[in-house]
Amino acid sequence: MKISAISPNYSNLAFSAKKDHQYENPVNRSTEKGLAIWTNIGGSALAGVTAAGIGSCFIKSGSKNRALKLSGIGAAVGILAMALTLPSKLYNTKLNAFAREKEMDVFSRDKELKSNILEQVDKEVKDEDVDLEQKINHYTTVQMANNGQGILVKGA
């Protein structure tokens with residue numbers, strides 16, 4: 001039996017970016033659709049149970065087939081609620097997922113661009129042939145853009 005040291009594999013960490021600085025979009029449309037359907041099922045079941053509870057106030061306790069009548073009322077209200085609300089819920093979920101997907105794409109591209117610009121500035125800072133004044137100007141320009149300040153006043 002051979003025993004050797006364990007080397008940590010940091011490439012599988014979930015929070016680390018890929019080496020080529022490509023970020024993947026975390027919005028998953030099928031998950032969003034599934035969550036919308038399950039939310040609607042839960043809401044419709046709650047509406048059905050509530051209708052059955054209200055119906056129990058009106059149907060006398062000695063009535064024949066009381067449980068069957070109450071479960072029929074609850075099921076009918078639940079199915080009706082789901083039939084009326086599910087298409088709207090799916091449509092809104094689809095639109096919201098699309099909008100969030102686009103927002104995350106913009107965010108990811110912004111992160112990629114910032115990363116690339118900072119890498120170029122870093123290379124420029126390490127380059128001995130570039131003038132110190134030019135290095136400072138580029139660095140301050142990047143920092144001002146990163147802070148969101150659009151106006152940059154440079155000294156003469």
Side-chain angles (χ1 to χ4, degrees), residues 1-123 125 138-153:
M1 177 188 293
K2 185 177 181 181
I3 299 175
S4 62
I6 298 174
S7 62
N9 185 4
Y10 295 112
S11 64
N12 291 334
L13 295 176
F15 56 86
S16 65
K18 295 179 184 175
K19 290 188 179 187
D20 55 354
H21 299 292
Q22 291 180 351
Y23 298 91
E24 69 179 59
N25 199 332
V27 177
N28 188 351
R29 289 187 185 190
S30 62
T31 303
E32 297 286 329
K33 183 179 179 181
L35 287 173
I37 290 172
W38 281 109
T39 303
N40 198 324
I41 288 172
S44 299
L46 183 63
V49 168
T50 304
I54 292 171
S56 68
C57 295
F58 296 109
I59 299 175
K60 295 182 176 153
S61 61
S63 174
K64 185 179 179 182
N65 297 331
R66 179 175 188 245
L68 185 62
K69 290 176 185 177
L70 291 176
S71 61
I73 290 171
V77 169
I79 290 172
L80 182 66
M82 186 167 13
L84 293 176
T85 59
L86 185 62
S88 173
K89 185 92 167 169
L90 288 177
Y91 178 74
N92 288 334
T93 301
K94 191 174 185 180
L95 286 180
N96 291 339
F98 178 76
R100 283 201 333 251
E101 201 172 64
K102 293 302 174 189
E103 287 173 2
M104 288 306 296
D105 284 342
V106 169
F107 177 76
S108 298
R109 288 186 187 128
D110 181 51
K111 285 290 189 187
E112 284 181 46
L113 289 173
K114 283 181 183 178
S115 175
N116 290 339
I117 289 172
L118 288 175
E119 282 179 7
Q120 290 174 359
V121 168
D122 186 47
K123 287 178 187 175
V125 167
H138 285 165
Y139 180 76
T140 55
T141 303
V142 168
Q143 288 304 318
M144 294 293 276
N146 200 18
N147 292 337
Q149 299 172 353
I151 299 174
L152 176 65
V153 179

What's the separation between atom NZ in Lys94 and atom CD in Glu32, rounded to the nearest 0.5 Å? 13.5 Å
Could you grab the distance from atom CG of Asn28 to atom CD of Glu101, nearest 0.5 Å is fine? 9.0 Å
Looking only at heavy atoms, which two atoms of Gly53 and Ser56 are closest? And how far apart? O-OG, 2.5 Å
Looking only at heavy atoms, what is the nearest atom pair of Ala47 and Val77, with distance? O-CG1, 3.7 Å
Checking the side chain of Arg66 only, and the main-chain atoms of Ile59 only, is there a donor and an acceptor separated by less than 3.5 Å? yes
For Leu70 and Gly55, which heavy atoms make the closest approach, and how far apart are they? CD2-C, 3.5 Å
Do Lys33 and Ile37 touch side chain to side chain, with heavy atoms closer than 4.5 Å? yes
Pairs meeting criterion salt bridge (charged side-chain N to carboxylate O under 4.0 Å, His left out) with involvement of residues 48-57, two or more places apart: none
To the nearest 0.5 Å, what is the distance between CD on Glu103 and CZ on Arg100? 8.5 Å
Measure the spacing between CG of Leu90 and OG1 of Thr85 and express it to the nearest 0.5 Å. 9.0 Å
From the list Asn40, Ile41, Thr39, side-chain contact (heavy atoms from CB on, under 4.5 Å) with Leu86 holds only for Asn40
Taking all non-hydrogen atoms of both residues into account, name the closest pair between Ala81 and Ser44 and its distance. C-OG, 3.8 Å
Separation of Lys89 NZ from Met82 CE (nearest 0.5 Å): 13.0 Å
